Amino acid sequence: MILVTGAAGFIGANFVLDWLAQSQEPVVNLDKLTYAGNLETLASVQGDERHTFVQGDIGDSTLVARLLAEHQPRAVINFAAESHVDRSIHSPEDFIQTNVVGT
Ligand SMILES: NC(=O)c1ccc[n+]([C@@H]2O[C@H](COP(=O)([O-])OP(=O)(O)OC[C@H]3O[C@@H](n4cnc5c(N)ncnc54)[C@H](O)[C@@H]3O)[C@@H](O)[C@H]2O)c1
């Protein structure tokens with residue numbers, strides 16, 4: 001079991017699709033589904049028992065602690081990010097919260 005955060009985004013979703021194409025090891029996907037998240041990318045693995053989606057914030061330490069205790073992942077791969085530079089000018093708080101504090 002691995003925990004992949006931000007896996008409804010561009011890089012994370014493609015990582016999950018690639019992972020499940022070549023591994024039986026399950027993935028828990030934690031994503032806040034901001035404007036950048038898109039579960040459509042993962043439509044082909046919806047219903048796949050190796051893929052568990054959880055909507056939530058990487059900065060929510062209670063939620064993250066629960067997922068770690070429940071699933072005991074052997075690795076965490078973090079793709080959750082505010083990634084659009086232009087937006088950092090309009091809402092820098094989101095960038096600090098996710099890219100620094102949450103990470
Ligand atoms: N896209 C590229 O070409 C590229 C290249 C090199 C590195 N990266 C890095 O890879 C990472 C992901 O990039 P991307 O292009 O997939 O970004 P993206 O914006 O497409 O996806 C980010 C994902 O993170 C989620 N997210 C945002 N804040 C969250 C939070 N607080 N908690 C949980 N989920 C949250 C969003 O809902 C979204 O699904 C970034 O760190 C980026 O810098 C991207």
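Indexing begins at 1, ligand by ligand and atom by atom, following the structure's order. Quantities reported herein were computed from a predicted structural model and do not represent experimental measurements.
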Please check whether [X] reaches ligand 1 - meaning an N/O of the residue sits under 3.5 Å from an N/O of the ligand, judged on distance alone.
X   : result
N38 : no
D57 : yes
A80 : no
G9  : yes

Given the rule in the side-chain contact (heavy atoms from CB on, under 4.5 Å) test, do D60 and K32 qualify, once you have shown the distances and angles that lead to the verdict?
CA-CA 10 Å; D60 181 346; K32 190 177 177 181; over 6 Å; no

Which residue and non-hydrogen atom of the protein lie closest to [atom], and at what distance in Å?
atom                    : answer
atom 39 (O) of ligand 1 : D31 OD2, 2.6 Å
atom 12 (C) of ligand 1 : F79 O, 3.2 Å
atom 3 (O) of ligand 1  : I11 CD1, 4.2 Å
atom 1 (N) of ligand 1  : F10 CD2, 3.5 Å
atom 32 (N) of ligand 1 : I58 N, 2.9 Å
atom 41 (O) of ligand 1 : A81 CB, 3.5 Å
atom 34 (N) of ligand 1 : K32 N, 3.1 Å

Does the side chain of [Y] come within less than 4.5 Å of [X]'s, by heavy atoms?
X   : Y   : result
F53 : L33 : yes
D57 : L63 : no
I2  : W19 : yes
T41 : V16 : no

Nearest atoms (heavy-atom pairs only) where [X] meets [Y]:
X    : Y   : answer
E25  : L20 : O-CD2, 4.0 Å
T98  : E82 : CG2-N, 3.9 Å
T103 : A80 : OG1-O, 4.4 Å
A13  : A8  : CB-C, 4.4 Å

Please check [atom] for a protein heavy-atom neighbour under 4.0 Å.
atom                    : answer
atom 27 (C) of ligand 1 : yes
atom 44 (C) of ligand 1 : yes
atom 9 (C) of ligand 1  : no
atom 19 (O) of ligand 1 : yes

For [X], the ligand 1 atoms whose distance to one of its heavy atoms is below 4.0 Å:
X   : result
S83 : 17 (O), 18 (P), 19 (O)
G56 : 32 (N), 33 (C)
G37 : 37 (O), 38 (C), 39 (O)

Does the plane of the ring in H84 sit parallel, tilted or perpendicular to the ring in Y35? Use 30° and 60° as the thresholds.
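The arrangement is perpendicular - the two ring planes meet at more than 60°.
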
First locate atom CZ of R66, then atom NE2 of H71, and finally report the distance between them rounded to the nearest 0.5 Å.
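Nearest 0.5 Å value for the CZ-NE2 distance: 7.0 Å.
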
One residue to check: L33. Relative to ligand 1, which of side chain, backbone, both or neither has a non-hydrogen atom less than 4.0 Å away?
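Backbone only.
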
T52 and its side chain to side chain contact (heavy atoms under 4.5 Å, CB included) partner, picked from V27, L3, V28
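For T52, the side chain to side chain contact (heavy atoms under 4.5 Å, CB included) test succeeds with only one of V27, L3, V28, which is V28.
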
